[in-house]
Amino acid sequence: MTAWQRFVREHDDRRSFVVAYIALALVLSIWISLFWLVAVVSVHVGLELGRHQALGCAPGRALKAALWETKLDWALVLFALVVSVYIDTVLGLVGLGSAARLSAGAARGGARFLSWKTALRTALLSADDAAQVVRAIARRSAKSPQSRSIGDTALAHTAAHTTLVDGHGAGENATGAAKSLHPPEPWRQSWALGDKFAVTLGAAAALLLGFSPWLTASSVSEIAARLLGELHPWP
C-alpha cells in the first residue's frame, strides 16, 4: 500500500488532515467566499469515495456511503448559506440595520453595521467548524462495532468470505458469508446522535432556505442573486 492509499483510508483519523480541513474551511469561507467551503467539502467527498472503493465497495455504493459520511459537512454548507441569506434580516430585527441607516454619521454607522455583520458571520461559521472538531473527536474515540463505516464492515465480511472459499468452511456458512458481503447501508442501521444532529441540521437549513423569500421579505430573484454571489469564487 502506497503512502497516498494509506492517507486516503486513514484521513479522518489523521490530526493533520482534520486541522488543515477545518482551517481551510474557516479561512476560505469567511475571507473569500462560500464557494471555497463547497470546494473543500467536495475534496472530502472525493477522499471518502476513494476510501470506500479501496475497501471493496462498488462505485455506486461507495458514492452513497461517501455522501452519508460527509452529511454533516453538507449540512454545514447549507447552514452557512442560511447565515448569508438571513444575517441582514437578523441584524435589522435587533436594530443594528436601522441604527446604521439613521445615524448622523452614515458612513460611521454603516461601518459599524458591517463590523457587526462580519463578527456574527465569523462566529456562526466558527460554530460550524466546532461541529467538525466534535465529529473528528467522536470518530477517533469510537470503539464500538456500530461506529465502523460501511466500507470497513464490507472489508471484514470479504475477508471472512475469502477464508470460507479457500476451504475453511462450506455449505450454509459459505452461503451466509456470501450474503453478508453486502451489509445494510449505514443510513438503514440505527442512527447515532451525530447522525441525527447532521440530518436534522441539514433538513432545518434546507427548509429555512426554501421559506427565505417569505421570512426575509425578499423576492426569489434577490435570494437567488445573494446565493449566487456567495458561491462565486471571488467576492
Engineer: Would you mind reporting whether V77 and L34 have side-chain heavy atoms less than 4.5 Å apart?
Structural biologist: no
Engineer: Distance alone, cut at 3.5 Å: any donor-acceptor contact between the side chains of H11 and E48?
Structural biologist: yes
Engineer: P233: which residues meet the side-chain contact (heavy atoms from CB on, under 4.5 Å) condition with it, sequence neighbours left out?
Structural biologist: F35, W36
Engineer: Nearest 0.5 angstrom please: L49 CG to S42 OG, how far?
Structural biologist: 12.0 Å
Engineer: S16: what forms a side-chain contact (heavy atoms from CB on, under 4.5 Å) with it, not counting sequence neighbours?
Structural biologist: R14
Engineer: Answer yes if L37 and W234 sit in the same cluster of Ile, Leu, Val, Met, Phe, Trp and Tyr residues linked by side chain heavy atoms under 4.5 Å apart, and no otherwise.
Structural biologist: yes
Engineer: Mind checking the CD-OG1 spacing from E222 to T216? Nearest 0.5 Å is all I need.
Structural biologist: 8.0 Å
Engineer: Check ring pair (Phe, Tyr, Trp, His ring centres under 6.0 Å) between W74 and all other residues, then give those that pass, not counting sequence neighbours.
Structural biologist: none
Engineer: Please set out all donor-acceptor pairs under 3.5 angstrom arising from side-chain atoms of residues 193-207, sequence neighbours excluded.
Structural biologist:
from, atom 1, to, atom 2, distance (Å)
D195, OD1, K71, NZ, 2.8
D195, OD2, A192, N, 3.0
T200, OG1, K196, O, 2.7

Engineer: Going from CG on L47 to CD on E69, what distance comes out if it is rounded to the nearest 0.5 angstrom?
Structural biologist: 12.5 Å
Engineer: Under 4.5 Å between side-chain heavy atoms, hopping through other hydrophobics if needed: is there a path connecting Y86 to V220?
Structural biologist: no
Engineer: Does H44 offer a backbone N or O that forms a donor-acceptor pair with the side chain of Y21 under 3.5 Å?
Structural biologist: no
Engineer: Is any side-chain heavy atom of F17 closer than 4.5 Å to a side-chain heavy atom of E10?
Structural biologist: no
Engineer: Check side chain to side chain donor-acceptor pair (under 3.5 Å) between S212 and all other residues, then give those that pass, not counting sequence neighbours.
Structural biologist: none
Engineer: Apply side-chain contact (heavy atoms from CB on, under 4.5 Å) to T89 and L215, showing your working.
Structural biologist: CA-CA 9 Å; T89 301; L215 296 177; over 6 Å; no
Engineer: L227, I32: one ILVMFWY side-chain cluster at the under-4.5 Å cut-off?
Structural biologist: yes
Engineer: For a quick test of reading the model, state the closest non-hydrogen atom pair linking H52 to A62 and the distance between them.
Structural biologist: CB-CB, 3.8 Å
Engineer: What closest approach, in Å, do S221 and S219 show between heavy atoms, and which atom pair accounts for it?
Structural biologist: OG-OG, 3.0 Å
Engineer: Sort and list the pairs that fulfil ring pair (Phe, Tyr, Trp, His ring centres under 6.0 Å) and have at least one residue in residues 202-232, not counting sequence neighbours.
Structural biologist: none
Engineer: For V85 and L81, run side-chain contact (heavy atoms from CB on, under 4.5 Å): C-alpha distance rounded to whole Å, both residues' side-chain angles, the deciding distance at 0.1 Å, then the answer.
Structural biologist: CA-CA 6 Å; V85 168; L81 293 175; 5.5 Å; no
